[in-house]
Each structure stands twice: as structure tokens, then as C-alpha cells.
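Accompanying notes for the structure given below.
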Amino acid sequence: MSKSIKNFLIKTLGCKTNQLESAVIEERLISKGFMPVETMQDANIFILNSCSVTSTADSKALTLLKHAKQNNPEITTVLTGCFAQLAYEKLKTNSNIDFLVGNQEKADIPEILENDKRFAVSDIFLYKDFRYEKINTIHKTRAVIKIQDGCNNRCTYCTIPLARGQNRSNKAQNIIEQIALLKSHGFEEVVLTGIHIGQWGNDFEPQKHLVNLLKEIEKTEITRYRLGSLNPLELNDELLDFLSQSKKFCPHFHISLQSACDKTLKTMHRFYSYDFADNIINKINKNFKLPFLGSDVIVGFPNETEKDFETTYNNLKNSRLSRIHVFPYSRRKNTPAGEMKNQIQDSIKKERVKMLLELSEKKLEEFLTKNINTETEVIIEPNRDKKTGFLKGVTPNYLNVLIDTKENKTGITKVHINGISNDKSRLMGILK
């Protein structure tokens with residue numbers, strides 16, 4: 001690759017972990033003399049950090065790469081992330097892809113480009129240690145810290161362990177040092193993310209658990225922190241008791257539920273019953289003040305009958321969840337579920353998704369209503385709302401707030417919640 005080609009554009013698909021890894025790539029590229037640009041026309045290099053959780057994500061990646069070449073035929077394209085890792089052999093001959101880079105190698109993209117190494121995808125299961133990359137610059141109000149990578153579970157629908165490898169935990173010392181650096185740069189909140197953060201420390205000798213890390217974070221000067229997605233089995237009494245006493249933890253839980261039907265959960269290899277998960281949900285609501293409880297749910301899983309879906313729907317309707325993130329089941333190669341009989345028609349999946357999304361909207365509105373006439377500390381975002389001109393912020397329990405004020409505020413400020421926005425997705429507030 002020509003040494004004079006230095007302008008790059010990064011596009012990220014998927015999870016917060018990917019977003020953070022893209023920030024690492026960008027920071028390392030800039031340190032090597034590459035220049036970030038904002039449009040495809042100005043870029044010599046287009047880097048796509050891909051997701052592969054569904055077939056739709058794969059298709060979107062291919063479409064973006066095709067459009068990049070169509071809009072700028074001279075551009076050099078780099079595909080990295082989970083899609084590159086999983087579909088390496090198939091993608092090697094794709095004319096819209098100039099460089100293929102695996103998940104373990106993505107931080108090395110500057111060197112890969114300079115050395116013209118077109119294919120850099122290794123066996124992800126060869127790696128037993130977490131690859132730590134410190135990041136100095138994050139362009140958001142809430143910084144993300146990657147605390148682990150990989151997953152030791154083998155849910156029957158999921159390809160992510162194949163793309164990310166076995167659980168590998170970042171050392172507590174690295175995490176604490178990163179928090180200190182971010183705090184020195186003015187950040188008040190960090191989000192702990194990874195592929196399966198509930199498995200943090202399980203690979204250490206002696207074995208550690210997530211609560212051990214959180215106890216260390218409590219000693220730092222960061223004002224508040226929040227957690228990424230957790231399996232119901234990991235929300236044990238020790239963790240919940242600790243979090244309920246914390247002065248820094250944001251009462252925002254994202255529970256990786258996946259179904260509310262025991263038959264489907266068993267087929268998915270989730271290893272808990274819905275009643276078990278519901279007890280966790282009730283316990284959280286009892287022990288935390290206005291906790292936000294989001295949850296992932298897959299519909300249209302193989303062999304999911306109308307009765308099975310009705311069970312899921314009714315259980316979720318009666319649950320104390322705040323919001324439901326709904327996904328139609330996506331058939332993936334190299335997974336047990338992909339080989340199962342009785343795959344569900346797309347039209348049926350679409351209808352079931354619609355029903356649960358409507359239920360989710362009702363639950364969110366109900367939860368927003370519970371927050372009216374409360375006072376909370378909101379972290380202010382840098383840009384005002386384009387439509388209203390109001391300040392924007394996020395509450396500890398992960399609700400978006402529009403604040404009617406001409407004042408320019410930064411950091412964390414107290415707000416009185418006095419209503420719900422017209423689109424019924426955000427709170428309205430005034431400064432205290």
C-alpha cells in the first residue's frame with residue numbers, strides 16, 4: 001500500500017465493545033500519521049468494524065463495502081470485526097474488500113496497512129490472555145472501558161464465541177488505571193463493557209468474580225459507573241447486595257433474558273427458568289430506586305409454537321421490565337439452532353416482533369411516568385437537541401432527558417423531572 005495514502009474513515013456496526021475498539025484503531029492510526037476525515041469522498045481508506053450477530057448485520061457490511069467502492073473507486077477498504085473473523089474464507093475473494101483483519105489483530109491496522117498485509121485473521125482460540133490497549137481520547141460524555149473479551153457459553157443460536165474466542169479478562173490494575181486517566185480528562189461516568197462481562201475474572205488464578213472488580217472501582221474517583229449486559233445467573237445475591245449499597249453504581253440493568261418461555265430457554269441452552277429470571281427482576285425492583293431494566297428477547301426461535309410465544313408475551317407483559325429489545329431469530333451457520341428443524345417463517349417472526357415492540361413501548365411509557373416529579377443527577381451531553389434546542393442529558397437509570405434552559409451546563413447537574421416528551425421516549429426536566 002502506498003505510504004502517501006493517509007486519510008481514513010471508520011464505520012462501526014454493533015456493540016459498545018466494537019465502538020470502543022474503533023476508538024482504539026482511530027487513536028493508533030492518528031499516532032502513526034494517518035488523518036481522520038468525515039466523508040467517503042475525502043477518504044483514501046475506509047475501515048468497517050463489523051458485527052455478525054445476525055445475517056442482516058452481515059448483509060449491511062457487504063452493502064457498505066460495495067457502496068464505498070462505487071462512490072470512491074480508488075478507496076482502500078478494510079473489513080475487520082466479527083464478520084471478518086467468521087467468514088474469512090468466503091470473504092477473501094470479495095473484490096470490494098482489500099484488507100481482511102481479525103478481531104485479535106484489529107488494533108494492528110496501522111502496521112497492517114503500512115506493511116500491505118492483505119489478510120490478517122488468525123485462529124481466535126489460540127489466544128488465552130486479554131489484549132489490553134489503553135485509550136487516551138474518547139469523544140463522548142460517558143467513556144466505555146472494555147473489561148473482558150470472548151465468551152465461554154455455547155448458546156445454540158450464537159456465533160459470537162466463534163468470533164471472539166474464549167473468555168479473557170482485563171486485569172483490574174489496567175481497568176483502574178484507565179479509569180484514573182479518563183477521570184483526569186474530565187469524565188464523570190464509565191461504562192464497563194465486553195462480550196460477556198459477567199465472566200470477568202473466571203480465567204484468573206485464583207479465580208475472581210465481577211464483584212471483586214467493582215469493589216476496586218468503588219475506591220476510584222470516578223463519579224459513577226454502569227454495567228453492560230448480564231446473564232440472569234450472574235445477578236446473584238452477593239452482586240446485587242453490593243450494588244444496592246453502592247454510591248457510584250447507576251441503577252441500570254440490561255438482562256440477557258432471550259426468552260420468557262422455559263421450553264425455548266432450554267432449547268437455547270440458557271440454563272435457567274423464566275421464574276428464576278423473573279425473581280431476579282423483582283428483587284432488583286425491590287432493592288433499587290427506580291431501576292431501569294432492559295432485556296434482550298429473541299422471537300421466532302426454531303420450534304417456537306404460537307403457545308410458546310404466547311407464554312413469552314404474557315410473562316413479559318406481567319414482568320417489571322422497563323423496556324424490551326426485540327430481535328427476530330437469525331439463522332446462523334455453524335450453530336446447533338441453524339440445523340434445527342421447524343424453522344419459523346419470516347412473516348411470523350415479523351408479526352411477533354411487532355407485538356413485543358408495542359408491548360415494550362407501553363412498558364417504557366409506564367416507567368417514564370414513574371420518574372415524573374423526581375429529582376435526579378443528569379450527565380449533560382455536549383450538543384443540544386436539534387429539534388427543540390434544549391439541553392440533553394442522561395439519568396443514572398439510563399433515561400434521556402430534555403432540559404428546557406438557555407444556560408450552558410456541562411458535567412453532572414441536578415434536574416427536576418416534570419414530564420414526558422411528545423414522542424414518549426424521553427423525559428422532560430428543568431434545572432434545580
Side-chain angles (χ1 to χ4, degrees), residues 15-18 20-21 24 81-82 85-86 102-108 121-135 143-156 158-183 190-222 225-246 248-249 253-256 269-272 276 280:
C15 62
K16 283 186 172 66
T17 300
N18 253 12
L20 176 63
E21 290 168 347
V24 170
C82 291
Q85 186 73 43
L86 288 169
N103 273 324
Q104 185 69 15
E105 294 83 9
K106 62 173 64 170
D108 298 325
V121 182
S122 59
D123 182 352
I124 197 70
F125 287 96
L126 293 175
Y127 302 98
K128 301 190 180 342
D129 296 320
F130 182 88
R131 177 168 181 176
Y132 174 55
E133 296 288 341
K134 183 168 68 175
I135 185 164
V144 177
I145 297 178
K146 182 179 171 184
I147 67 169
Q148 68 83 231
D149 205 341
C151 178
N152 290 344
N153 287 10
R154 291 297 180 267
C155 301
T156 57
C158 189
T159 60
I160 299 307
L162 302 178
R164 288 283 183 169
Q166 62 189 316
N167 174 51
R168 306 182 302 286
S169 303
N170 193 358
K171 292 179 181 178
Q173 181 180 349
N174 293 337
I175 297 166
I176 299 305
E177 288 177 356
Q178 181 71 77
I179 290 174
L181 178 61
L182 292 166
K183 177 63 177 176
V190 295
V191 184
L192 306 183
T193 191
I195 302 305
H196 191 150
I197 66 169
Q199 292 181 349
W200 181 89
N202 291 355
D203 54 325
F204 290 158
E205 185 60 48
Q207 189 179 78
K208 298 285 187 181
H209 298 286
L210 182 60
V211 71
N212 300 118
L213 173 62
L214 301 184
K215 288 177 180 178
E216 295 302 312
I217 292 175
E218 289 285 335
K219 301 173 187 176
T220 70
E221 295 184 6
I222 199 69
Y225 65 88
R226 66 179 75 244
L227 301 176
S229 180
L230 288 165
N231 185 303
L233 292 168
E234 293 150 2
L235 289 161
N236 55 42
D237 287 345
E238 182 186 15
L239 179 60
L240 292 177
D241 289 346
F242 174 80
L243 293 175
S244 68
Q245 301 298 317
S246 171
K248 297 177 182 285
F249 172 67
F253 294 85
H254 191 89
I255 301 173
S256 180
H269 285 184
R270 293 298 291 174
F271 305 116
Y272 51 81
F276 176 88
I280 298 294

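Below, all heavy atoms of this structure are taken into account, side chains as well, without hydrogens, waters or symmetry copies. What you see is a predicted model, and the numbers here were worked out from it, not measured in a lab.
The number of heavy-atom neighbours closer than 6.0 Å to CG of D129, taken from other residues, nucleotides and ligands shown, is 12 or below. In K171, the NZ atom is not crowded: 12 or fewer heavy atoms of neighbouring residues, nucleotides or ligands sit closer than 6.0 Å.
Side chain of Q178 to backbone of K134: no donor-acceptor contact under 3.5 angstrom is found. For the pair Q207 (side chain) and N202 (backbone), a donor-acceptor distance under 3.5 Å is present. For the pair Q85 (side chain) and S122 (backbone), a donor-acceptor distance under 3.5 Å is present. Side-chain N or O atoms of N18 include none that pairs as donor or acceptor with a backbone N or O of C15 at under 3.5 Å. Checking side-chain atoms of K128 against main-chain N and O of D203 turns up no donor-acceptor pair under 3.5 Å. A donor-acceptor contact shorter than 3.5 Å is absent between the side chain of K208 and the backbone of L213.
To the nearest 0.5 Å, atoms OH (Y225) and CG (L192) are separated by 8.0 Å. Separating the CD1 atom in I217 from the CD1 atom in I176 is a distance of 5.0 Å, to the nearest 0.5 Å. If you take CD on E105 and OH on Y127, they are separated by 4.5 Å, rounding to the nearest 0.5 Å. For the atom pair SG (C155) and CD1 (I160), the distance works out to 11.0 Å, reported to the nearest 0.5 Å. Atom NE2 of H269 is separated from atom OG1 of T156 by 6.0 Å, given to the nearest 0.5 angstrom. Taking CD1 of I175 as the reference point, atom CG of N170 lies at 4.5 Å (rounded to 0.5 Å).
For the pair Q104 and R131, the minimum side-chain heavy-atom distance is below 4.5 Å. Within the 4.5 Å cutoff, no side-chain heavy atoms of E133 are placed close to those of K146. Residues W200 and L214 form no side-chain contact, since every pair of their non-hydrogen atoms from C-beta on lies 4.5 Å or further apart. Between E216 and I179, every side-chain heavy-atom pair lies at or beyond the 4.5 Å cut-off. Looking only at side-chain heavy atoms (C-beta outward), N152 and H196 stay at 4.5 Å or farther from each other. Residues Y272 and N231 form a side-chain contact, since some pair of their non-hydrogen atoms from C-beta on lies under 4.5 Å apart. Side-chain contact between E234 and I197 is absent, with no heavy atoms from C-beta onward closer than 4.5 Å. Between T193 and I145 the shortest side-chain heavy-atom distance does not fall below 4.5 Å.
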Is there a side chain to side chain contact (heavy atoms under 4.5 Å, CB included) between F242 and L210? Walk through the geometry before answering. CA-CA 11 Å; F242 174 80; L210 182 60; over 6 Å; no

Next on the checklist: Assess the residue pair N103 and E21 against the criterion (side-chain hydrogen bond (donor to acceptor under 3.5 Å, both in side chains)); give the C-alpha distance rounded to whole Å, side-chain angles, the decisive distance to 0.1 Å, and a yes or no.
Outcome noted: CA-CA 9 Å; N103 273 324; E21 290 168 347; over 6 Å; no

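Taking 4.0 Å as the cut-off between side-chain N and carboxylate O, K183 and E221 do not count as a salt-bridged pair.
Contact between V121 and G102 at its shortest, heavy atoms only, is CG2-N, 3.5 Å. The two residues L233 and F276 make their nearest non-hydrogen contact at CD2-CE2, 3.8 Å. Of all heavy-atom pairs between Q148 and I195, the closest is OE1-N, 2.7 Å. Closest approach of F130 to R168, counting heavy atoms only: CD1-O, 3.3 Å. Here the shortest heavy-atom pairing between P161 and C151 reads CB-O, 3.8 Å. Summarising the geometry of E218 relative to K248, their closest heavy-atom pair is O-CE, 3.0 Å, with the distance given to 0.1 Å.
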